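Following: one structure in structure tokens, then a few remarks.
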Amino acid sequence: MKKILILNGPNLNLLGKREPEIYGNLTFTDFFETIKEKYNTVELSYFQSNIEGELINKIHEVGFSYDGIVLNAAAYTHTSVALGDAIKAITTPVIEVHISNTFSREAFRHHSYISPVAKGVIVGFGLQSYELAIQSFL
Ligand code: CA2
């Protein structure tokens with residue numbers, strides 16, 4: 001069975017609880033339960049942290065054995081050289097996802113330290129962005 005990790009960055013624990021006009025009203029844990037059932041031919045796991053170093057540790061932990069990482073680094077996308085370096089150092093392919101269309105938002109969201117080292121990027125399809133990434137790994 002393929003192993004895929006969904007890795008979420010800062011503030012994504014607030015999904016479904018704040019700013020529903022941008023991010024929708026489903027909590028990520030509810031969404032995760034539905035996709036675990038839907039994609040039951042893969043071993044899906046989920047980790048969220050608001051701490052940059054914890055995200056990097058997780059990338060190191062799974063990055064040589066898993067088949068894929070679906071990463072929404074949230075605001076660290078636009079700031080973290082360290083996350084970009086971590087992805088560059090591992091062998092597991094990473095797909096960068098975003099819920100909102102970052103290109104229709106503020107200019108500082110147009111740059112990503114993840115995109116150059118990602119296998120691909122899926123932006124702006126709501127929570128479906130995660131599903132599209134999983135499908136591409138299958
Ligand atoms: O659209 C995305 O998925 C983002 O990665 C979300 C980040 C943002 O900084 C990126 O530019 C684009 C923000 C995540 C914050 O999530 C919240 C969810 C609910 C309420 C408040 C924040």
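Remember, it's 1-based here, ligands and their atoms both numbered in the order they're listed. Remember, it's a predicted structure, so these values are computed and weren't measured experimentally.
- Of the protein's heavy atoms, Ser100 OG, 2.5 Å lies nearest to atom 1 (O) of ligand 1.
- Residue Arg18 has no N or O atom closer than 3.5 Å to an N or O atom of ligand 1.
- Of all the atoms in ligand 1, the ones that sit under 4.0 Å from a non-hydrogen atom of His78 are 10 (C), 11 (O).
- Atom CG of Asn25 has 12 or fewer neighbouring heavy atoms from other residues, nucleotides or ligands inside a 6.0 Å radius.
- Partners of Lys36 by salt bridge (charged side-chain N to carboxylate O under 4.0 Å, His left out), not counting sequence neighbours, listed by chain and number: Glu33.
- Proximity of Asn72 to ligand 1, defined as any heavy-atom pair under 4.0 Å, is confined to the side chain (atoms from C-beta onward).
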Verify side-chain hydrogen bond (donor to acceptor under 3.5 Å, both in side chains) between Asp85 and Tyr113, making sure each step is shown before the conclusion. CA-CA 9 Å; Asp85 284 350; Tyr113 284 102; over 6 Å; no

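- Within the 4.0 Å heavy-atom criterion, the part of Arg109 lying near ligand 1 is the side chain and not the backbone.
- Listed by atom number, the atoms of ligand 1 under 4.0 Å from Leu12 heavy atoms are 14 (C), 16 (O).
- Each of the atoms 1 (O), 2 (C), 3 (O) of ligand 1 lies under 4.0 Å from some heavy atom of Ile99.
- Among the atoms of Thr77, none of the N or O lies under 3.5 angstrom from an N or O of ligand 1.
- Atom 4 (C) of ligand 1 has its closest protein heavy atom at His98 ND1, 3.6 Å.
- Between the side chain of Lys3 and the backbone N or O of Leu44, no donor-acceptor pair lies under 3.5 Å.
- By the 3.5 Å distance cut-off applied to N or O atoms, Arg105 is not counted among the residues near ligand 1.
- Only the side chain of Thr102 comes within 4.0 Å of ligand 1, counting heavy atoms alone; its backbone N, CA, C and O stay farther away.
- Applying the ring pair (Phe, Tyr, Trp, His ring centres under 6.0 Å) rule to His110 yields the partners Phe103; only residues at least two apart in sequence or on another chain are considered.
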Evaluate Glu43 against Tyr66 for side-chain hydrogen bond (donor to acceptor under 3.5 Å, both in side chains), listing each step before the verdict. CA-CA 10 Å; Glu43 203 178 305; Tyr66 275 46; 5.2 Å; no

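- Between the side chains of Tyr76 and Asn50, no donor-acceptor pair of N or O atoms lies under 3.5 Å.
- Residue Ala75 approaches ligand 1 through these ligand atoms, each under 4.0 Å from one of its heavy atoms: 9 (O).
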Determine whether Glu96 and Thr77 satisfy the following criterion, side-chain contact (heavy atoms from CB on, under 4.5 Å), listing intermediate values before the conclusion. CA-CA 9 Å; Glu96 174 183 356; Thr77 305; 3.4 Å; yes

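- Of the protein's heavy atoms, Tyr23 CD1, 3.6 Å lies nearest to atom 18 (C) of ligand 1.
- When each atom of ligand 1 is checked for a heavy atom of Glu19 under 4.0 Å away, the hits are 21 (C).
- Across Val97, Asn101, Leu132, a single residue satisfies side chain to side chain contact (heavy atoms under 4.5 Å, CB included) together with Phe125, and that is Leu132.
- In this structure, Tyr46 has its ring center closer than 6.0 angstrom to the ring center of Phe28.
- Here is the list of ligand 1 atoms found below 4.0 Å of a heavy atom in Asn11: 15 (C), 16 (O), 17 (C), 18 (C).
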